Amino acid sequence: MTRRTKALLSLGTAVALTAASFAVATSPARATDPDPATQQYRPYLHYTPEKNWMNDPNGLVYHNGKYHMYYQYNPNGTRWGDMSWGHASSTDLIHWQEQPLAISRGLNGNGQAIEEIFSGSVVEDPLNSSGFGSLQNPPLVAIYTSNYTSAHPTLAGQQAQSLAFSLDDGQSWTKYSGNPVLTRNTSSFRDPKVFWYDNPSGPDYWVMAAVEADEHRVLLYKSSNLKDWSYLSDFGPANAFGGQWECPDLFPLAVDGDPNNIKWVLTVNINPGAVAGGSGGQYFVGTFNGTTFTAENIDPADQLPAGNVLAGFNGGSYGGWNVQNDPANSSGPWGSAPAAGSLPGQMAVAGNVGAGLVNGFHGGDNPVGTMESAPFSVDKDYLNFLVGGGKHPQGPGEQSGNQAPPGYLLFDGFDYPGTLSDAGWQLTGDFQAALNPSTSGGEFAIGKRINTFEGGPYQDNNVGTVTSPEFYLTNTNIGFLLGGGQRYDGQLQVELLVGGVPVRTATGRNSGDLNWQNWDVSPWYGQIARIRIVDNATGPWGHLTLDNMVLGSEPAKVRSSETTVNLVVNGQTVRTATGADSERLAWTAWDVSAFKGSQATIRIVDNNRGGWGHILADEFVSSDTSRLEPHDWLDWGRDYYATVSFNNAPGGKRIMLGWMNNWDYGQDTPTSTWRGTMALPREVVLTQTPDGPRLRQQVVSQADALKNTSAAYTAPAQDIQPGTAALPATGDVVQIDAEFSPGTASSFGLKVLGNASQSTRIGYATATQRLSIDRSNSGNVVFHPAFSSVEDARVDLINGRLRMRLYVDRASVELFAQDGLATITDQVFPAAGANSISVFSEGGIAHLESLTVTPLYPAMWGG
């Protein structure tokens, strides 16, 4: 998997290129099978599969001189799906060889998927405690989550822990016939990380850390044989739990290398709800006694961030909010005043602060409505708040309101005096002109409507047709509100007639709510048409309700079934959040710096009548910093997730590996035959800080073998005048070591992967002591609305200086500050050929103490 191609690094006239740097593939790549080394955005240092989708690292283990990396893999496409375990191996953690598929999803006799292979771990079993091998040939054992699909005959919809074993050094795997070995009969019990625990007070045993993802709990179990598990304890919720908890890990580390000062580290990945938005990882430091993990760095959940409280709901009223309860239930979902806590029929609400909160459970899950704050000016960088309840985001192309599309309102929306017959409609069967248009029946109608329940004497048993006068199709879409019964046999539908023949039809959804539907009528542009309502259905839901037909150029937008909290600026929703199907409220932090100075409102929407069809919200605080910032994060960037460590690493080292992506946009990144990248492996240690022991991270030392030191460029110490100065070194696969002091500058730093108009900016703001990666002008940032971003972390200067190490690899930047006390990892997708490197200063003169740019030999496809 190491193919030699040209080096993509130039360091000006100072660089002497070797002959090997110019070696190219000897035959052209076929269009259907491109040479990976030639693909734009293909990293040369980081692991990527040759093709298809990859996400979480799984089963990380060192065995018989090789590191094995298994991972979530779709062998059939470049988006998530068909989950199986891929496999790669390495002798040095840097050069990886892709191996055949390791553990495939399970199929039944009809070829249907019944089991997907989700995340897990691999252990050496040298004592053959599992019985899968022998003392002479002990097995590797994989402990993974079986995600049972709806086609499974007995465990449909459940997640449970299963085993597979290998007797040939991890190349082939056999699933255990007794799977699953641990189940809780739940749908979100997953991601087992297993390790051998040396018990100082008795027999040693295996320990498993897994998660109940939706409950934000890490569950610990023990076993003597990997097959039979008993419960030990659980941990959580704590610190960040706005999204699902995933991929836990638990391991000991010596503080500053002192064997007499051992702490345990519990890492928990979270999606969404990380400090930079979307996916990320947090960690806890504490003690583990073989049964219970106790953390020392839990932050008080009820502590408000510093700032201005925009709404706390503690005064007994909604205080200036525009509250719209359900048209059919005036007391729900919001009631007339904030709730004090749980409401009748509701599970216990937790995590709220103060005397009141917004609780959308008045009347249960069924009522729907919106409430919106008075306008306010966005004056700080963050809006922090507590949110809980249902996890129902707004879908693509949906709207939270009930807005008609622009266009010509056909039939005056039925809002005219007189009857349908007076307006030229033809009625047959039971339908009577005097009874329609109707003013009753069907929530979310706009004024009068046609209601076949009200249109005759027999209610749901009315039958007949209602046909409009002719009109011309002078545009391309007809959007309309429709409610009532659902039939697919032609007995209950609205029809578009052209030449007397139905060319478009629509039926209801067995709901009293009218919602928007749309017909593309462009094939019949310019022709004469009619609308006909056919109701030959009887019994329950034997009626239709039709309103507000609009002929226009834009399709109607479906009213969503969301339960959301939204920030609205200039009429547009610019930030949104949901609950996590939990009655526990969790802190969410929106970066709203892009909207400072703008007028905004907070709109809370409950459009859902089903399970978890309610939303909870409390304590909106405008702040200078994120409420999530006090927690301890593995990385402050957007692209470091599902991070777990290698079992059995040599020398007792703790080496961690993460997926360099984010679920917010991960399935849409603009790569070609593959999608998904691993971060560089990192060795982690604990070091004492004023806040207690905290992680320090560095890329594994094996990466030093990639350094082309003879071609390195070293800049002399110098002042950096205000502006941007290009270095005489360029490159897109480089290591940059730099040290700065602020001088009089308000900000300073580096720009990489640049060209004349774009770059990725690594900057330090002196006043706030925040280090950032700004990728908002880094190249292709428009492939997903969540991608363009700035990620930052507070980084204190040490002796007045900032030290940085960057690994730049074609489509990513991994930043290690102050010898790894803080890290920021981001993907970027620069324009082809963007490889300039610059220093900059703003607001004054900064000082460059030292800087070295070292080209790195490709470890993967490029060399």
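We number each residue from 1, following the sequence as shown. Since we're looking at a predicted model, the values are computed, not measured.
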Rounded to the nearest 0.5 Å, how far apart are OG1 of Thr38 and CH2 of Trp861? 11.0 Å
Could you measure the distance from the OG atom of Ser672 to the CD atom of Gln39? Nearest 0.5 Å is fine. 3.5 Å
With no hydrogens and no angle check, is any side-chain donor or acceptor of [X] less than 3.5 Å from a backbone partner on [Y]?
{"X": "Gln818", "Y": "Arg803", "result": "yes"}
{"X": "Gln718", "Y": "Pro716", "result": "yes"}
{"X": "Asp809", "Y": "Val733", "result": "no"}
{"X": "Thr823", "Y": "Gly820", "result": "no"}
{"X": "Trp633", "Y": "Ala276", "result": "no"}
{"X": "Asn308", "Y": "Ser622", "result": "no"}
{"X": "Arg775", "Y": "Phe787", "result": "yes"}
{"X": "Trp96", "Y": "Leu93", "result": "yes"}
{"X": "Ser778", "Y": "Pro830", "result": "no"}
{"X": "Asn755", "Y": "Ala834", "result": "no"}

Do [X] and [Y] have side-chain atoms, one donor and one acceptor, less than 3.5 Å apart?
{"X": "Asp591", "Y": "Ser626", "value": "no"}
{"X": "Asn708", "Y": "Ser710", "value": "yes"}
{"X": "Thr48", "Y": "Arg42", "value": "yes"}
{"X": "Gln827", "Y": "Ser812", "value": "no"}
{"X": "Ser90", "Y": "Asp92", "value": "yes"}
{"X": "Asn58", "Y": "Ser119", "value": "yes"}
{"X": "Asp249", "Y": "Ser645", "value": "yes"}
{"X": "Trp53", "Y": "Asn55", "value": "yes"}
{"X": "Ser623", "Y": "Asn384", "value": "yes"}
{"X": "Asp639", "Y": "Thr825", "value": "no"}
{"X": "Asp774", "Y": "Ser776", "value": "yes"}
{"X": "Gln735", "Y": "Asp737", "value": "yes"}
{"X": "Gln667", "Y": "His784", "value": "no"}

Give the ring-plane orientation class for [X] versus [Y], where under 30° counts as parallel, over 60° as perpendicular and anything between as tilted.
{"X": "Phe284", "Y": "Trp245", "result": "tilted"}
{"X": "Phe783", "Y": "Phe829", "result": "perpendicular"}
{"X": "Trp659", "Y": "Trp663", "result": "tilted"}
{"X": "Phe748", "Y": "Tyr764", "result": "tilted"}
{"X": "Tyr71", "Y": "Tyr47", "result": "tilted"}

Contact check, side chains of [X] and [Y], non-hydrogen atoms, under 4.5 Å:
{"X": "Val813", "Y": "Tyr807", "answer": "no"}
{"X": "Met656", "Y": "Thr267", "answer": "yes"}
{"X": "Tyr41", "Y": "Asn780", "answer": "yes"}
{"X": "Leu856", "Y": "Leu45", "answer": "yes"}
{"X": "Ile720", "Y": "Phe740", "answer": "yes"}
{"X": "His95", "Y": "Gln702", "answer": "no"}
{"X": "His46", "Y": "Leu680", "answer": "yes"}
{"X": "Leu567", "Y": "Val592", "answer": "yes"}

Minimum heavy-atom separation for Leu771 and Ile824, please, with both atom names. O-CD1, 3.5 Å
Of all the heavy-atom pairs spanning Cys247 and Val644, show the shortest one and how long it is. O-CG1, 4.0 Å
Please say whether the positively charged group of Lys707, taken as NZ for Lys or CZ for Arg, lies over the ring of Tyr857, i.e. under 6.0 angstrom from the six-membered ring centre and within 45 degrees of the axis. no
Does NZ or CZ of Arg682 come closer than 6.0 Å to the centre of the six-membered ring of Tyr640, within 45° of the ring's axis? yes
I'd like to know if [X] and [Y] make a salt bridge, using a cut-off of under 4.0 Å between side-chain N and carboxylate O.
{"X": "Asp632", "Y": "Arg694", "answer": "yes"}
{"X": "Glu814", "Y": "Arg805", "answer": "no"}
{"X": "Arg638", "Y": "Asp664", "answer": "yes"}
{"X": "Glu842", "Y": "Lys751", "answer": "no"}
{"X": "Arg801", "Y": "Glu849", "answer": "yes"}

Please check if atom NZ in Lys51 has more than 12 non-hydrogen atoms from other residues, nucleotides or ligands closer than 6.0 Å. no
Has Asn570 got more than 12 heavy atoms of other residues, nucleotides or ligands less than 6.0 Å from its CG? no
Can you list the steps and then say if Lys596 with Asp381 is a salt bridge (charged side-chain N to carboxylate O under 4.0 Å, His left out)? CA-CA 7 Å; Lys596 288 178 77 170; Asp381 288 341; 3.3 Å; yes
Ring centroid separation for Phe646 and Tyr67, is it under 6.0 angstrom? yes
So, for Trp590 and Phe385, is the gap between ring centers shorter than 6.0 Å? yes
Given side-chain contact (heavy atoms from CB on, under 4.5 Å), test Arg675 with Arg79 step by step and report yes or no. CA-CA 7 Å; Arg675 190 172 276 122; Arg79 296 175 70 86; 3.8 Å; yes
